[in-house]
Amino acid sequence: MMKNKEKTVEKIKQAAVEEFLEKGYTKASLRTICKAAGVTTGAMYFSFESKEALFRAILEPLIVQYEELLEKYMKIELKEPEKGARLDVLMMQFILAHKKETIIIMEKAQGSCYESYRRNVERMMERSFQVYYKSRLEAPPNEDLIKILAKIRLDSCLEIIKGNYDMEYSLYLAEKIGIYANGGTEKLLQNLKEFHSN
């Protein structure tokens, strides 16, 4: 009995991911989700009390994992900056394993409890950049510069995620962008140190 319930929940979630990806949260239809999952709306409401609850059940566990990884990798990169490109690849691997869900939360969550999550990710990246640059500079880094650098990095990640690439090629791109970013970061830090010493 329990296995059947788990199977039903999984079918509903899979159908919901496709519906949210295609139409976005606001226009997604529970009726369409139930039809695609081959269940009645009653069966759906037995497991999820609302569209919001279903949306949250799909995304919340991934958000928790993503934020834990971001925190963990940030600490590693602070101690060992040379590992930055490798950590980018590991993070991209996780994101690509949940590609559809990532696109949903970053671009199709309007009207849901996660509609501002993209901005939250931008802030987390800004904080990560801020901490990293601060650890390498004597003066606090320029906030506008940090905000722009974080946005560039996030946009490049989203380009890979939304591209029609296989996993191997996506990870190749993530690694090369990471190497480029690390080289640019070192050059920029050197320039900022010179600027502040004059």
Side-chain angles (χ1 to χ4, degrees), residues 20-21 24-25 55-56 58-110 112-163 165 167 169-193 195-196:
F20 291 134
L21 186 64
Y25 175 81
F55 200 64
R56 191 185 286 272
I58 293 165
L59 298 174
E60 187 70 29
L62 300 177
I63 288 169
V64 170
Q65 287 178 64
Y66 169 77
E67 291 180 3
E68 284 172 357
L69 282 176
L70 195 65
E71 196 69 33
K72 177 183 168 186
Y73 293 162
M74 187 176 88
K75 285 176 183 169
I76 294 170
E77 194 170 1
L78 274 173
K79 289 179 187 165
E80 303 169 86
E82 69 282 359
K83 289 189 174 176
R86 180 70 196 132
L87 295 171
D88 287 347
V89 170
L90 292 173
M91 183 58 94
M92 185 56 80
Q93 215 164 7
F94 171 78
I95 290 168
L96 288 169
H98 309 286
K99 184 176 179 172
K100 290 177 180 178
E101 293 87 344
T102 301
I103 294 169
I104 290 167
I105 200 161
M106 296 301 279
E107 301 197 333
K108 310 222 175 209
Q110 292 79 7
S112 79
C113 59
Y114 295 123
E115 69 180 356
S116 61
Y117 193 73
R118 180 181 177 137
R119 182 63 196 124
N120 291 353
V121 172
E122 285 173 10
R123 284 194 197 102
M124 283 186 274
M125 290 187 86
E126 286 164 20
R127 187 175 65 93
S128 172
F129 275 52
Q130 191 81 269
V131 169
Y132 184 78
Y133 275 78
K134 201 172 182 178
S135 75
R136 304 281 306 276
L137 293 168
E138 289 172 24
N142 178 292
E143 283 185 30
D144 293 326
L145 177 62
I146 292 297
K147 195 176 278 193
I148 292 166
L149 291 173
K151 184 164 178 19
I152 290 168
R153 198 65 177 277
L154 180 59
D155 288 346
S156 68
C157 289
L158 287 173
E159 280 304 307
I160 295 171
I161 294 159
K162 293 190 301 184
Y165 314 124
M167 178 68 91
Y169 188 62
S170 295
L171 295 178
Y172 164 83
L173 291 173
E175 182 191 29
K176 298 311 171 209
I177 290 166
I179 291 167
Y180 169 79
N182 286 351
T185 297
E186 288 306 313
K187 193 78 177 158
L188 179 58
L189 283 165
Q190 186 184 338
N191 175 274
L192 291 170
K193 282 174 186 172
F195 176 80
H196 289 299

So, do [X] and [Y] sit near enough that their side-chain heavy atoms are less than 4.5 Å apart?
| X | Y | answer |
| --- | --- | --- |
| Ile160 | Ile177 | yes |
| Leu78 | Val131 | yes |
| Lys176 | Leu173 | no |
| Lys193 | Leu137 | yes |
| Tyr66 | Met124 | yes |

Find the distance between [atom1] ([X]) and [atom2] ([Y]) and round it off to the nearest 0.5 Å.
| X | Y | atom1 | atom2 | value |
| --- | --- | --- | --- | --- |
| Met106 | Thr102 | CE | OG1 | 8.0 Å |
| Glu67 | Asn120 | CD | CG | 7.5 Å |
| Ile95 | Leu62 | CD1 | CG | 11.0 Å |
| Ile105 | Glu101 | CD1 | CD | 10.0 Å |
| Ser128 | Lys75 | OG | NZ | 12.0 Å |
| Ile76 | Met74 | CD1 | CE | 11.5 Å |

task: Fit a plane to each ring of Tyr169 and Tyr172, take the angle between them on a 0 to 90° scale, and name the class: parallel (under 30°), tilted (30 to 60°) or perpendicular (over 60°).
output: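 Geometry flag for Tyr172 against Tyr169: parallel rings.
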message: Can you tell me how the ring of Tyr25 sits relative to the ring of Phe20, calling it parallel under 30°, perpendicular over 60° and tilted otherwise?
response: parallel
Where [X] and [Y] come nearest, the two heavy atoms and their spacing:
| X | Y | answer |
| --- | --- | --- |
| Arg56 | Pro61 | O-CD, 4.0 Å |
| Leu96 | Ser170 | CD1-CB, 3.3 Å |
| Gln93 | Leu171 | N-CD2, 3.7 Å |
| Ala85 | Gly178 | CB-C, 3.9 Å |
| Leu59 | Ile104 | CD1-CG2, 4.4 Å |

Quick one: side chains of residues 142-152, donor-acceptor pairs under 3.5 Å with protein atoms, not counting sequence neighbours, listed by atom name and distance.
unit_1: Asn142; atom_1: OD1; unit_2: Asp144; atom_2: N; d: 2.9
unit_1: Asn142; atom_1: OD1; unit_2: Leu145; atom_2: N; d: 2.9
unit_1: Lys151; atom_1: NZ; unit_2: Asp155; atom_2: OD2; d: 3.2

Applying side chain to side chain donor-acceptor pair (under 3.5 Å), can you list everything that pairs with [X], at least two apart in sequence or on another chain?
| X | value |
| --- | --- |
| Tyr114 | Glu60 |
| Gln110 | none |
| Glu71 | Arg127 |
| Arg86 | none |

message: The test is salt bridge (Lys or Arg N to Asp or Glu O under 4.0 Å); show your working for Glu122 and Arg119 and say whether it passes.
response: CA-CA 5 Å; Glu122 285 173 10; Arg119 182 63 196 124; 2.9 Å; yes
Checking [X] now: which residues fulfil salt bridge (charged side-chain N to carboxylate O under 4.0 Å, His left out) with it, not counting sequence neighbours?
| X | value |
| --- | --- |
| Glu175 | none |
| Lys100 | Glu18 |
| Lys99 | none |
| Glu77 | none |

Ring pair (Phe, Tyr, Trp, His ring centres under 6.0 Å) contacts in which one or both residues fall within residues 116-148, not counting sequence neighbours: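 The answer is none; no pair qualifies.
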query: Which residue pairs pass the ring pair (Phe, Tyr, Trp, His ring centres under 6.0 Å) test when at least one of the two sits in residues 76-97, sequence neighbours left out?
result: Phe94-His98
Can you give me every donor-acceptor pair (side chain of residues 180-189, partner residue at least two apart or in another chain, under 3.5 Å) with its distance?
unit_1: Thr185; atom_1: OG1; unit_2: Ala181; atom_2: O; d: 2.7
unit_1: Glu186; atom_1: OE1; unit_2: Arg136; atom_2: NH2; d: 2.8
unit_1: Glu186; atom_1: OE2; unit_2: Arg136; atom_2: NH1; d: 2.9
unit_1: Glu186; atom_1: OE2; unit_2: Arg136; atom_2: NH2; d: 3.3

task: Check step by step if side chain to side chain contact (heavy atoms under 4.5 Å, CB included) holds for Lys83 and Leu90.
output: CA-CA 11 Å; Lys83 289 189 174 176; Leu90 292 173; over 6 Å; no
